[in-house]
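Worth saying up front: this structure is predicted, and the values here are computed from it rather than measured. Computation of the quantities below employed the complete heavy-atom set of this structure, encompassing side-chain atoms and omitting hydrogens, waters and symmetry-equivalent molecules. A note on names: the letters A, B, ... follow the listed sequences, proteins ahead of strands, and every chain is numbered from 1.
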Number of protein chains: 2
Amino acid sequence: MSSAEILSGHNIRPSLMRVMIYDFLKENRTHPTVDDIYTALHPAVPTLSKTTVYNTVRLFCKAGLTKMVTIEEQQARFDGCTELHGHFICSECGKVFDFDTDMPKVAGLEDFEIATHDVYCSGVCKNCLN
Amino acid sequence: MSSAEILSGHNIRPSLMRVMIYDFLKENRTHPTVDDIYTALHPAVPTLSKTTVYNTVRLFCKAGLTKMVTIEEQQARFDGCTELHGHFICSECGKVFDFDTDMPKVAGLEDFEIATHDVYCSGVCKNCLN
DNA sequence: TAATAAATTTGTAATCATTACAAAAGTGAA
DNA sequence: TTCACTTTTGTAATGATTACAAATTTATTA
């Protein structure tokens, strides 16, 4: 299924900018920040505005198409994959890695309506340990 | 064990401000922000500076005495309890609740040095569901 | 105790991510 | 084409956090 079709399927009109940003998130599984996205796409689309990137990722997240990753930082990161998986941030290099996990146990929140589950870890990654 | 002793045990000199801030975190399990802490203590200590609160919570977190809770917000929250537990944020009222959980499964990070585990959930709390 | 050194606290100014907002540009229908 | 509507853009505002140096407090030494 094309990105345009995926966007349409979530009631988001597949404009050029939106498709580009969605493609970027799909192809770059590095959990980019808004600035990362802007910097990567700006050369190809000089008229791109950072506000548009902010608006677009917010739109995507509201539609459940992408996920926001807030992990010990003041800069939000975005993830094109919404399947359940954990995020590990390396305190040395700052890179964010995915890992496999399972649905965490949640006890004591009876009568709460739980919409999202997130598992975060931090430490030092393999590369930085050398 | 007194707060002063706990601070000393972590190689933090137990100054008046530090003990007050630590006590506040121990007694108020509401995951307060820096501003919450400042606003609560300021009447009693009019000379308190917000910078001091920032410095102090950073010092505590570095020493492992408190934990930072970054959950879909641009404002960091602080938790005086470092035992393993999950955090739930209500998308309606913004309150953060603790819940029981267990150590999440982490697969695929062999050779990584994992220092922290965090489980976050979001949704609508019991009160807001009415 | 007085003098000195070290650590803590404070206030101001700077930084930086994010949002508000209104104008401009683009898109599609009649 | 014209009109209504949506998207995109740029600028300015907001607000959390940090940098930094001065002021204050605390501990140490003589």
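- Rounded to an integer number of Å, the gap from CG of Leu7(B) to P of dT8(C) is 11 Å.
- Ring pair Tyr22(A)/Phe60(A) is perpendicular by interplanar angle, where above 60° counts as perpendicular and below 30° as parallel.
- Position along DNA chain D of the nearest nucleotide to Val53(A) versus Thr51(B) favours Val53(A) as the more 5'-ward residue.
- Using a 4.0 Å heavy-atom distance criterion, Thr47(B) is classed as a sugar-phosphate-only contact.
- His42(A) places its NE2 atom 11 Å from the C1' atom of dT9(D), with the value rounded to the nearest Å.
- With rounding to whole Å, Met17(A) atom CE is found 14 Å from dT6(D) atom C1'.
- Within 6.0 Å of CD on Glu27(B) lie more than 12 heavy atoms contributed by other residues, nucleotides or ligands.
- When each of dT10(C), dT9(C), dT9(D) is scored by its nearest atom to the side-chain atoms of Leu48(B), the top-ranked nucleotide is dT10(C).
- Both tests pass for Lys50(A) against the ring of Tyr38(A): distance under 6.0 Å to the centre and angle within 45° of the axis.
- dA7(C) atom C1' lies 15 Å from atom CG of Asn11(B), rounded to whole Å.
- Position along DNA chain C of the nearest nucleotide to Val45(B) versus Asp35(A) favours Val45(B) as the more 5'-ward residue.
- A salt bridge does not link Lys105(B) with Asp100(A): every distance from a Lys NZ or Arg NE/NH1/NH2 to an Asp or Glu carboxylate oxygen is 4.0 Å or more.
- Close to dT9(D), at under 4.0 Å from its OP1 or OP2, lies a side-chain N or O of Thr52(A).
- Side-chain proximity of Tyr54(B) to the nucleotides dT9(D), dA16(D), dA19(D) is greatest for dA16(D).
- Ring geometry, Tyr120(B) versus His87(B): the interplanar angle falls from 30° to 60°, so the pair is classed tilted.
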Exercise. Met17(B) and Thr56(B): side-chain contact (heavy atoms from CB on, under 4.5 Å), yes or no, with the steps?
Worked result: CA-CA 8 Å; Met17(B) 293 298 174; Thr56(B) 305; 5.5 Å; no
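- As a whole-Å value, the separation of Met20(B) CE from dT8(C) C1' is 16 Å.
- Between the CD1 atom of Ile12(B) and the P atom of dT26(D) there is a distance of 18 Å, rounded to whole Å.
- The distance between atom OH of Tyr38(A) and atom C1' of dT8(D), rounded to the nearest whole Å, is 13 Å.
- Phosphate proximity of dT26(D) to Arg13(B): absent, as no side-chain N or O sits under 4.0 Å from OP1 or OP2.
- Between Phe112(A) and Phe97(B), the ring center distance clears the sub-6.0 Å criterion.
- Regarding contacts with the backbone of dT26(D), every side-chain N or O of Ser15(B) stays at 4.0 angstrom or more from both OP1 and OP2.
- For Lys50(B) and Leu16(B), each mapped to the nucleotide of DNA chain D holding its nearest heavy atom, the one lying further toward the 5' end belongs to Lys50(B).
- Listed in residue order, the members of residues 55-80 of chain B having a heavy atom less than 4.0 Å from DNA chain C are Asn55(B).
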